[in-house]
Amino acid sequence: MAGLLQRVKSKMAIFAHRKARGMLDGEYGSVFRGRSLDFDDLRAYVPGDEVRDIDWKASARHGSPLIRRYVAVRRQTVLLVTDTGRNMAAEALSGEVKKDVAVLALGVLGYLAHRHGDLVGLVYGDTAATRSLPAKGGEAHLERLLGHVDSHTNLAAAPSRIQDQLEYTARNVKGRHLLFVVADEIAADAATGQLLRRLRAQHEILWLTIRDAGLAPPPGAERTPGAGTNSHAAADSYSVADSSLLAWQPAMSAGVRAAYLQAREERDAARRAMLQGAGITEGEVAGSADVITGLFALLERHRRAG
């Protein structure tokens with residue numbers, strides 16, 4: 001069976017052609033502020049690139065704009081921070097298990113770090129315990145990190161609480177790193193906002209939210225028990241938090257559906273405002289198919305915010 005990192009590479013090849021992967025590499029390279037850089041090579045200009053990076057002499061010789069690309073002289077440390085509680089064993093909006101989406105996202109960012117010569121570490125856990133693996137280089141190490149996330153995330157795990165992993169990071173991680181946080185839709189509150197601001201004062205932070213499965217069908221959708229799981233036509237589901245029934249029948253009521261969707265929008269707005277208020281760039285993905293484009297957009301927004 002192919003390793004987790006090999007699956008990540010395969011999906012990168014499927015979801016992103018060579019030029020797009022090169023652009024993703026370039027966006028990652030711009031994340032660390034003030035890193036020492038050496039010139040690497042030239043590539044074609046694409047909309048969104050910094051005009052200041054255009055090599056005008058080379059562009060004139062080539063006949064079209066070319067961008068200077070740089071590589072880091074000094075290694076940086078990337079810390080993957082993720083929730084491996086049982087909430088991540090539930091379905092994402094795409095219908096996939098959230099854990100599988102998280103492993104892909106962590107693998108892509110970790111692989112980008114590896115390609116740039118950076119070190120990658122991991123903080124993961126649930127409400128029962130938070131664990132960490134030190135930052136190292138190499139594909140074998142990255143495979144080990146992904147394996148820990150994959151094996152510890154299941155329905156038998158303790159409940160999820162990403163705040164526990166963030167508090168662990170704030171207490172134990174010294175120096176300035178890039179934190180890449182992958183979690184599902186957390187609720188905003190004052191204590192979490194304060195914790196995020198404390199972390200952001202020390203680290204660069206990228207945050208990727210994996211969207212929860214929708215409990216209400218879209219307006220006009222029909223739902224029939226036993227008709228499948230891809231279009232709100234499945235039988236009843238159960239919460240991974242307490243095994244309570246998540247009946248679909250009430251959601252067929254227009255009033256219940258509207259109230260649910262409004263509550264979801266309000267929760268999303270509160271989370272986004274909390275992260276923005278802490279100076280953290282957030283991206284959102286519904287499933288694996290969104291990870292490559294979602295990470296590119298996240299890295300680009302982070303660069304522009306800086």
Would you say the side-chain atoms of [X] pair up with the backbone N or O of [Y], donor to acceptor, closer than 3.5 Å?
| X | Y | result |
| --- | --- | --- |
| T82 | V182 | yes |
| E143 | L4 | yes |
| T84 | G125 | yes |

Quick check: closest heavy atoms across [X] and [Y], and the distance to 0.1 Å?
| X | Y | value |
| --- | --- | --- |
| A113 | V78 | CB-CG2, 3.8 Å |
| R86 | P159 | NH2-CG, 3.5 Å |
| V120 | G110 | CG2-O, 3.9 Å |
| A92 | A286 | CB-O, 3.6 Å |
| A58 | L42 | CB-CD1, 3.7 Å |
| M12 | V108 | CG-CG2, 3.8 Å |

Flag the pair [X] / [Y] as yes when at least one side-chain heavy-atom distance between them is below 4.5 Å, and no otherwise.
| X | Y | result |
| --- | --- | --- |
| V101 | S288 | yes |
| L145 | L106 | no |
| M88 | I210 | yes |
| N172 | S132 | no |
| R303 | E300 | yes |
| L206 | L208 | no |
| D118 | T77 | no |
| E282 | M274 | no |

*When rounded to the nearest 0.5 angstrom, what is the spacing between CG in L146 and CD in E139?*
11.0 Å
_Within the 3.5 Å criterion, strictly below it, is a donor on E284 or T209 matched to an acceptor on the partner's side chain?_
no
*Is there a path of hydrophobic side-chain contacts, each under 4.5 Å between heavy atoms of I, L, V, M, F, W or Y residues, that connects L104 with W207?*
no
*Step by step, would you call R211 with D268 a salt bridge (Lys or Arg N to Asp or Glu O under 4.0 Å)?*
CA-CA 10 Å; R211 300 307 306 264; D268 288 344; 2.6 Å; yes
*For H152, which residues count as a ring-ring contact (aromatic ring centres under 6.0 Å, His included) partner, sequence neighbours excluded?*
Y124, H148
_R267: side-chain hydrogen bond (donor to acceptor under 3.5 Å, both in side chains) partners, not counting sequence neighbours_ = E185
_R161 bridged to D83 by N-O distance under 4.0 Å_ = no
*asked:* Run E167 and Q163 through side chain to side chain donor-acceptor pair (under 3.5 Å) and show every step you take.
replied: CA-CA 6 Å; E167 289 167 357; Q163 291 88 341; over 6 Å; no
_Counting neighbours of CD on Q194 that are heavy atoms of other residues, nucleotides or ligands and sit closer than 6.0 Å, is the number greater than 12?_
no
*Run through L142, L80, L79, V81 and flag the one making a side chain to side chain contact (heavy atoms under 4.5 Å, CB included) with L122.*
L80
